[in-house]
Amino acid sequence: MNLTPDFEPRIHGLDLSLFGAIDSQSDDGDKRSWLALQRMVRRWNESYVFLEIGSFLGGSIQPHLLDSRCRKIISIDKRPAEQPDLRGQWFQYENNSTARMLANLRALAPAEVSKIVCFDSDARDIDPTHLPERPDLCFIDGEHTESAVVSDFEFCARVCSPRAILYFHDDWVIYPALSQILRTLRRQGRRFRAFKLHGSTFAIALGESAIPEDELIRKIAVDGRRFILRMRAYRLLKHSIPAPLLPIVRRLRRLLVGKVG
(Lines give C-alpha, C1' and ligand atoms only; values in the text may rest on other atoms or scores of the structure.)
Protein backbone atom coordinates (compact mmCIF):
# COMPACT_ATOMS: atom_id res chain seq x y z
CA MET A 1 0.00 0.00 0.00
CA ASN A 2 1.30 3.46 -0.86
CA LEU A 3 1.72 6.13 1.77
CA THR A 4 -0.73 8.34 -0.08
CA PRO A 5 -3.55 6.95 -2.25
CA ASP A 6 -2.55 9.19 -5.14
CA PHE A 7 1.17 8.35 -5.18
CA GLU A 8 1.02 5.98 -8.17
CA PRO A 9 -0.59 8.49 -10.56
CA ARG A 10 1.75 11.19 -9.26
CA ILE A 11 4.95 9.23 -9.93
CA HIS A 12 3.69 7.97 -13.28
CA GLY A 13 2.72 11.52 -14.22
CA LEU A 14 6.09 12.89 -13.03
CA ASP A 15 4.29 15.23 -10.65
CA LEU A 16 6.83 17.84 -9.51
CA SER A 17 4.84 18.50 -6.34
CA LEU A 18 6.53 15.36 -4.96
CA PHE A 19 9.45 17.72 -4.32
CA GLY A 20 7.24 20.41 -2.80
CA ALA A 21 7.99 20.10 0.92
CA ILE A 22 11.80 20.55 1.00
CA ASP A 23 14.08 22.61 -1.25
CA SER A 24 16.10 20.33 -3.53
CA GLN A 25 18.38 22.96 -5.12
CA SER A 26 17.32 21.84 -8.59
CA ASP A 27 15.24 23.10 -11.48
CA ASP A 28 12.08 21.57 -12.94
CA GLY A 29 14.05 19.78 -15.65
CA ASP A 30 16.16 18.01 -13.02
CA LYS A 31 13.12 17.02 -10.98
CA ARG A 32 11.35 15.61 -14.01
CA SER A 33 14.46 13.61 -14.95
CA TRP A 34 14.87 12.26 -11.40
CA LEU A 35 11.25 11.15 -11.26
CA ALA A 36 11.61 9.45 -14.65
CA LEU A 37 14.61 7.48 -13.36
CA GLN A 38 12.67 6.53 -10.22
CA ARG A 39 9.74 5.48 -12.39
CA MET A 40 12.01 3.32 -14.54
CA VAL A 41 13.61 1.55 -11.57
CA ARG A 42 10.16 0.86 -10.12
CA ARG A 43 9.17 -0.86 -13.36
CA TRP A 44 12.06 -3.33 -13.01
CA ASN A 45 11.78 -4.01 -9.30
CA GLU A 46 8.95 -4.86 -6.95
CA SER A 47 10.88 -2.76 -4.43
CA TYR A 48 14.17 -0.87 -4.62
CA VAL A 49 16.95 0.77 -2.59
CA PHE A 50 17.97 4.40 -3.12
CA LEU A 51 21.43 5.71 -2.24
CA GLU A 52 22.36 9.39 -2.27
CA ILE A 53 25.72 11.10 -1.81
CA GLY A 54 25.25 14.73 -0.82
CA SER A 55 21.85 15.02 0.87
CA PHE A 56 22.02 18.46 2.56
CA LEU A 57 18.37 19.26 3.48
CA GLY A 58 16.87 16.04 2.11
CA GLY A 59 15.07 17.59 -0.85
CA SER A 60 15.95 14.91 -3.38
CA ILE A 61 15.01 12.15 -0.93
CA GLN A 62 11.34 13.27 -0.77
CA PRO A 63 9.81 11.15 -3.57
CA HIS A 64 11.60 8.04 -2.33
CA LEU A 65 10.49 8.61 1.25
CA LEU A 66 6.88 8.81 0.03
CA ASP A 67 7.23 5.70 -2.15
CA SER A 68 6.26 2.50 -0.36
CA ARG A 69 8.18 0.53 -2.98
CA CYS A 70 11.41 2.18 -1.82
CA ARG A 71 12.32 -0.13 1.04
CA LYS A 72 15.58 1.56 2.09
CA ILE A 73 17.23 4.98 1.69
CA ILE A 74 20.97 5.36 2.25
CA SER A 75 22.17 8.93 2.77
CA ILE A 76 25.91 9.66 2.64
CA ASP A 77 27.05 13.18 3.45
CA LYS A 78 30.22 14.28 5.24
CA ARG A 79 28.29 17.44 6.22
CA PRO A 80 30.86 20.15 5.42
CA ALA A 81 30.23 23.79 6.28
CA GLU A 82 31.78 24.62 2.91
CA GLN A 83 33.30 22.68 0.02
CA PRO A 84 35.26 23.37 -3.18
CA ASP A 85 33.97 23.22 -6.72
CA LEU A 86 35.42 22.73 -10.21
CA ARG A 87 34.54 26.35 -10.96
CA GLY A 88 37.22 27.43 -8.49
CA GLN A 89 34.71 28.58 -5.85
CA TRP A 90 33.84 27.48 -2.32
CA PHE A 91 30.15 26.95 -1.56
CA GLN A 92 28.65 27.45 1.90
CA TYR A 93 26.24 25.01 3.57
CA GLU A 94 24.81 26.68 6.65
CA ASN A 95 23.62 24.40 9.48
CA ASN A 96 24.45 21.34 7.39
CA SER A 97 23.51 18.49 9.70
CA THR A 98 21.87 15.10 9.49
CA ALA A 99 19.57 16.08 12.37
CA ARG A 100 18.23 19.02 10.37
CA MET A 101 17.65 16.83 7.31
CA LEU A 102 15.84 14.14 9.31
CA ALA A 103 13.64 16.78 10.95
CA ASN A 104 12.61 18.00 7.49
CA LEU A 105 11.83 14.48 6.32
CA ARG A 106 10.05 13.54 9.55
CA ALA A 107 7.70 16.47 9.04
CA LEU A 108 6.87 15.10 5.59
CA ALA A 109 6.37 11.41 6.49
CA PRO A 110 7.08 10.67 10.15
CA ALA A 111 6.41 6.93 9.95
CA GLU A 112 8.87 6.41 7.08
CA VAL A 113 12.02 8.06 8.43
CA SER A 114 13.06 4.73 9.95
CA LYS A 115 13.92 3.41 6.49
CA ILE A 116 16.70 6.02 6.16
CA VAL A 117 20.26 4.97 7.05
CA CYS A 118 22.72 7.87 7.37
CA PHE A 119 26.51 7.99 7.12
CA ASP A 120 28.14 11.29 8.09
CA SER A 121 31.25 10.47 6.13
CA ASP A 122 33.04 10.63 2.82
CA ALA A 123 31.90 7.63 0.78
CA ARG A 124 35.49 6.45 0.31
CA ASP A 125 35.78 5.97 4.09
CA ILE A 126 32.74 3.70 4.37
CA ASP A 127 33.18 -0.06 4.58
CA PRO A 128 30.83 -1.43 1.88
CA THR A 129 29.83 -4.27 4.21
CA HIS A 130 28.23 -1.67 6.51
CA LEU A 131 25.59 -0.80 3.91
CA PRO A 132 22.28 -2.50 4.70
CA GLU A 133 21.59 -3.47 1.06
CA ARG A 134 22.84 -2.95 -2.48
CA PRO A 135 21.26 0.16 -4.02
CA ASP A 136 19.39 0.03 -7.32
CA LEU A 137 19.40 3.81 -7.85
CA CYS A 138 22.32 6.06 -6.85
CA PHE A 139 22.31 9.86 -6.91
CA ILE A 140 25.74 11.54 -6.78
CA ASP A 141 25.59 15.19 -5.76
CA GLY A 142 28.44 15.64 -3.28
CA GLU A 143 31.62 17.65 -3.66
CA HIS A 144 31.92 18.93 -7.24
CA THR A 145 35.64 18.36 -7.76
CA GLU A 146 36.96 15.88 -10.30
CA SER A 147 38.61 13.60 -7.77
CA ALA A 148 35.56 13.59 -5.46
CA VAL A 149 33.06 12.84 -8.24
CA VAL A 150 35.19 9.99 -9.57
CA SER A 151 35.67 8.61 -6.05
CA ASP A 152 31.93 8.79 -5.31
CA PHE A 153 31.15 7.01 -8.57
CA GLU A 154 33.70 4.27 -7.87
CA PHE A 155 32.11 3.67 -4.47
CA CYS A 156 28.60 3.48 -5.92
CA ALA A 157 29.70 1.20 -8.77
CA ARG A 158 31.31 -1.11 -6.22
CA VAL A 159 28.29 -1.40 -3.91
CA CYS A 160 25.30 -1.14 -6.29
CA SER A 161 23.19 -3.90 -7.78
CA PRO A 162 24.20 -5.24 -11.23
CA ARG A 163 21.36 -3.41 -12.97
CA ALA A 164 21.70 -0.07 -11.21
CA ILE A 165 21.36 3.47 -12.50
CA LEU A 166 23.78 6.10 -11.21
CA TYR A 167 23.00 9.73 -11.90
CA PHE A 168 24.68 13.06 -11.27
CA HIS A 169 23.65 16.68 -10.74
CA ASP A 170 25.34 19.79 -12.21
CA ASP A 171 26.71 17.88 -15.19
CA TRP A 172 27.86 21.07 -16.90
CA VAL A 173 30.22 21.64 -13.95
CA ILE A 174 31.49 18.10 -13.42
CA TYR A 175 31.73 16.95 -17.05
CA PRO A 176 35.56 16.48 -16.83
CA ALA A 177 34.94 13.88 -14.11
CA LEU A 178 32.16 12.29 -16.17
CA SER A 179 34.55 12.00 -19.11
CA GLN A 180 37.09 10.23 -16.91
CA ILE A 181 34.43 7.86 -15.58
CA LEU A 182 33.27 6.87 -19.07
CA ARG A 183 36.85 6.23 -20.20
CA THR A 184 37.38 3.96 -17.21
CA LEU A 185 34.17 2.00 -17.85
CA ARG A 186 35.15 1.46 -21.50
CA ARG A 187 38.64 0.37 -20.50
CA GLN A 188 37.15 -2.12 -18.03
CA GLY A 189 34.86 -3.52 -20.70
CA ARG A 190 31.76 -2.91 -18.59
CA ARG A 191 28.39 -2.76 -20.30
CA PHE A 192 26.75 0.62 -19.78
CA ARG A 193 24.94 3.49 -21.42
CA ALA A 194 25.53 7.13 -20.53
CA PHE A 195 22.95 9.76 -21.32
CA LYS A 196 22.23 13.43 -20.70
CA LEU A 197 18.73 14.26 -19.44
CA HIS A 198 16.76 17.45 -18.78
CA GLY A 199 18.06 20.01 -16.33
CA SER A 200 21.70 19.38 -15.42
CA THR A 201 21.27 15.63 -14.93
CA PHE A 202 23.59 12.97 -16.38
CA ALA A 203 22.91 9.26 -15.92
CA ILE A 204 24.87 6.04 -16.35
CA ALA A 205 22.88 2.82 -16.62
CA LEU A 206 24.85 -0.34 -15.87
CA GLY A 207 24.47 -3.89 -17.10
CA GLU A 208 21.13 -4.95 -18.50
CA SER A 209 19.70 -1.49 -17.81
CA ALA A 210 21.82 -0.04 -20.62
CA ILE A 211 18.74 0.61 -22.80
CA PRO A 212 16.29 3.10 -21.21
CA GLU A 213 12.77 1.71 -20.98
CA ASP A 214 11.02 4.89 -19.84
CA GLU A 215 9.13 6.84 -22.49
CA LEU A 216 10.33 10.26 -21.28
CA ILE A 217 13.95 9.09 -21.15
CA ARG A 218 13.70 7.61 -24.65
CA LYS A 219 12.36 10.95 -25.84
CA ILE A 220 14.83 13.33 -24.20
CA ALA A 221 18.04 11.32 -23.72
CA VAL A 222 21.15 12.65 -25.46
CA ASP A 223 24.18 10.39 -25.83
CA GLY A 224 26.52 11.07 -22.89
CA ARG A 225 29.70 11.23 -24.95
CA ARG A 226 28.10 13.72 -27.33
CA PHE A 227 27.17 15.94 -24.39
CA ILE A 228 30.76 15.86 -23.07
CA LEU A 229 32.11 16.79 -26.52
CA ARG A 230 29.69 19.73 -26.60
CA MET A 231 30.91 20.93 -23.22
CA ARG A 232 34.54 20.69 -24.31
CA ALA A 233 33.71 22.75 -27.39
CA TYR A 234 31.96 25.35 -25.23
CA ARG A 235 34.97 25.60 -22.92
CA LEU A 236 37.33 26.18 -25.85
CA LEU A 237 34.99 28.80 -27.28
CA LYS A 238 34.59 30.54 -23.93
CA HIS A 239 38.36 31.02 -23.56
CA SER A 240 38.93 32.19 -27.12
CA ILE A 241 36.48 35.07 -27.59
CA PRO A 242 36.52 38.68 -26.31
CA ALA A 243 34.88 39.43 -22.96
CA PRO A 244 32.05 41.57 -24.48
CA LEU A 245 30.76 38.47 -26.29
CA LEU A 246 30.64 36.26 -23.18
CA PRO A 247 26.88 36.78 -22.60
CA ILE A 248 26.26 35.25 -26.03
CA VAL A 249 28.49 32.31 -25.17
CA ARG A 250 26.62 31.78 -21.88
CA ARG A 251 23.36 31.57 -23.82
CA LEU A 252 25.05 29.09 -26.13
CA ARG A 253 26.01 26.98 -23.13
CA ARG A 254 22.38 26.65 -22.16
CA LEU A 255 21.67 25.23 -25.62
CA LEU A 256 24.65 22.87 -25.46
CA VAL A 257 23.81 21.65 -21.99
CA GLY A 258 20.17 21.23 -22.84
CA LYS A 259 18.74 22.94 -19.76
CA VAL A 260 15.12 22.61 -20.75
CA GLY A 261 12.14 22.18 -18.53
Side-chain angles (χ1 to χ4, degrees), residues 1-4 7-8 10-11 14-26 30-31 33-79 93 96-142 152-153 155-169 201 203-204 206 209:
M1 181 180 297
N2 286 303
L3 298 176
T4 57
F7 184 83
E8 289 296 328
R10 290 173 73 191
I11 186 64
L14 306 181
D15 184 348
L16 302 189
S17 70
L18 289 168
F19 291 96
I22 306 167
D23 180 21
S24 66
Q25 297 184 310
S26 57
D30 286 312
K31 293 171 184 174
S33 297
W34 301 349
L35 291 175
L37 293 171
Q38 180 178 352
R39 182 172 68 180
M40 188 161 69
V41 168
R42 295 172 95 253
R43 287 174 175 173
W44 299 337
N45 303 282
E46 184 175 340
S47 65
Y48 70 94
V49 176
F50 174 66
L51 181 148
E52 176 179 84
I53 298 178
S55 297
F56 192 32
L57 300 177
S60 48
I61 290 177
Q62 292 173 91
H64 304 284
L65 187 72
L66 295 172
D67 189 350
S68 62
R69 289 176 60 181
C70 179
R71 66 181 183 272
K72 190 70 68 177
I73 296 170
I74 303 168
S75 169
I76 300 173
D77 197 321
K78 56 185 178 181
R79 298 293 172 183
Y93 295 88
N96 185 12
S97 70
T98 296
R100 181 186 181 194
M101 179 191 76
L102 291 176
N104 290 339
L105 295 168
R106 190 172 293 109
L108 175 64
E112 299 304 310
V113 173
S114 60
K115 71 181 179 181
I116 303 174
V117 177
C118 298
F119 294 88
D120 288 10
S121 170
D122 192 306
R124 74 184 76 191
D125 298 325
I126 298 173
D127 183 341
T129 64
H130 292 171
L131 266 62
E133 298 188 61
R134 287 186 173 272
D136 305 291
L137 187 63
C138 300
F139 180 38
I140 299 173
D141 191 25
D152 288 343
F153 172 82
F155 175 83
C156 289
R158 188 163 64 250
V159 303
C160 70
S161 63
R163 197 186 185 188
I165 295 178
L166 294 75
Y167 63 109
F168 307 77
H169 194 212
T201 297
I204 298 175
L206 299 176
S209 64

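These numbers come from the heavy atoms of this one structure, side chains and all, not from hydrogens, waters or symmetry mates.
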Show me the donor-acceptor pairs, under 3.5 Å and distance only, between side chains in residues 16-23 and residues at least two apart or in other chains.
unit_1, atom_1, unit_2, atom_2, d
S17, OG, R10, NH2, 3.0
S17, OG, D15, OD1, 2.8
S17, OG, D15, OD2, 3.1
D23, OD1, Q25, N, 3.1

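The distance from atom CD1 of I116 to atom CG of L102, rounded to the nearest 0.5 Å, is 5.5 Å. Here the CD1-CE distance, from I165 to M40, works out to 3.0 Å after rounding to the nearest 0.5 Å. Taking CG of L65 as the reference point, atom CG of L105 lies at 5.5 Å (rounded to 0.5 Å). In this structure, NE2 on H130 lies 13.0 Å from CD1 on I74, to the nearest 0.5 angstrom. With rounding to the nearest 0.5 angstrom, the CZ atom of F50 is 11.0 Å from the NZ atom of K115. Within the model, atoms CG of L35 and NE2 of H64 stand 7.5 Å from one another, a figure rounded to the nearest 0.5 Å.
Scanning all heavy atoms of the two residues, the minimum distance from I53 to A123 falls at CD1-CB, 3.9 Å. Between P135 and L51, the shortest heavy-atom contact is CB-CB, 3.6 Å. Residue F153 comes nearest to I140 through the heavy atom pair CA-CD1, 3.7 Å, listed as atom of the first residue, atom of the second, then distance. Between R134 and C160, the shortest heavy-atom contact is NH1-O, 2.9 Å. For the residue pair F56 and R79, the shortest heavy atom distance occurs at O-NH1, 2.8 Å. A pairwise comparison of heavy atoms in D77 and S55 identifies OD2-N, 2.9 Å as the closest pair.
At a threshold of 4.5 Å between non-hydrogen side-chain atoms, the residues F139 and L37 do not count as touching. A heavy-atom distance below 4.5 Å is not found between the side chains of D152 and F168. Counting heavy atoms from C-beta outward, L131 and F119 have side chains that approach closer than 4.5 Å.
Checking side-chain atoms of R42 against main-chain N and O of C70 turns up no donor-acceptor pair under 3.5 Å. In this structure, the side chain of D141 does not engage the main chain of H169 through any donor-acceptor pair within 3.5 Å. Remark: side-chain polar atoms of R100 are not paired, donor with acceptor, to backbone N or O of L57 under 3.5 angstrom. Under the 3.5 Å distance criterion, the side-chain polar atoms of Q38 are matched with a main-chain donor or acceptor of P63.
Defined by atom type and a distance below 3.5 Å, a donor-acceptor pair is present between the side-chain atoms of S60 and E52. There is no side-chain donor-acceptor pair under 3.5 Å between T201 and S33.
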